[in-house]
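Data first, discussion second: the structure below is written as structure tokens.
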Amino acid sequence: MKIVSIRKSDYDSLRNLFLKERQNTFHWLNPLEFQLKDFDRYTKGELILVALLDDIPVGFISIWMKDNFIHHLYIDQNHQGKGIGTQLLKAAIKKTKLPITLKCLENNTKAVKFYLQKGFFAVERGQSEHGGYILFELLKNID
């Protein structure tokens with residue numbers, strides 16, 4: 001696996017991955033809320049790093065660099081649990097400076113557990129249109 005900055009050829013694959021994984025992850029929401037065009041809209045102006053297996057995108061992380069804020073981290077469900085998310089986080093840390101923050105919906109228990117295991121800690125909780133969220137912060141590099 002390798003991690004690269006997004007290439008023009010990655011956009012179609014990542015649009016599909018983003019749509020599919022959001023529908024799978026946010027199962028408590030109406031799947032019709034999610035659309036292919038969301039990827040372009042929600043990552044506009046962000047640094048996007050892509051995880052490639054045999055030159056095929058299997059995950060990505062997008063970072064709003066002005067605030068060192070991780071906006072999205074998605075891995076194709078067929079490739080989850082293989083360390084790809086961790087490698088994307090490490091690559092993001094190299095491109096930014098600590099601390100890094102992100103918001104995660106409380107109902108996304110798999111992601112909450114992942115971030116806690118990586119050393120993120122909750123600094124705030126709040127409500128969004130999709131339910132309660134946790135604002136996480138990371139102060140140190142991850143293993």
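Put simply, CD on Glu21 and CG on Asn16 are 11.0 Å apart, with the number rounded to the nearest 0.5 Å. In this structure, CD1 in Ile134 is found 11.5 Å from OH in Tyr115, a value given to the nearest 0.5 Å. Between Leu17 atom CG and Arg15 atom CZ the span is 12.5 Å, to the nearest 0.5 Å. Note that CG of Leu102 and CZ of Phe69 are 6.5 Å apart. Values are rounded to the nearest 0.5 Å. For the atom pair NE2 of His71 and CE of Met65, the computed distance is 15.0 Å after rounding to the nearest 0.5 Å.
Qualifying salt bridge (charged side-chain N to carboxylate O under 4.0 Å, His left out) partners for Lys103, counting only residues two or more places apart in sequence or in other chains: none. A search for salt bridge (charged side-chain N to carboxylate O under 4.0 Å, His left out) contacts involving Asp38 returns Arg22, Arg41, not counting sequence neighbours.
The ring of Phe26 has its center no closer than 6.0 angstrom to the ring center of His130. Residues Phe39 and Phe60 place their aromatic rings such that the two centres sit under 6.0 Å apart.
Side chain of Glu124 to main chain of Leu135: no donor-acceptor pair is present (N/O by atom type, distance under 3.5 Å, no hydrogens or angles).
Remark: Asn78 CG is packed, more than 12 non-hydrogen atoms of other residues, nucleotides or ligands lying under 6.0 Å away.
Taking the side chain as every heavy atom from C-beta outward, Val50 and Arg7 never approach each other to under 4.5 Å.
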Inset, instruction - Test salt bridge (charged side-chain N to carboxylate O under 4.0 Å, His left out) on Asp40 and Lys37 and set out the steps. - result: CA-CA 6 Å; Asp40 299 83; Lys37 65 182 177 183; over 6 Å; no
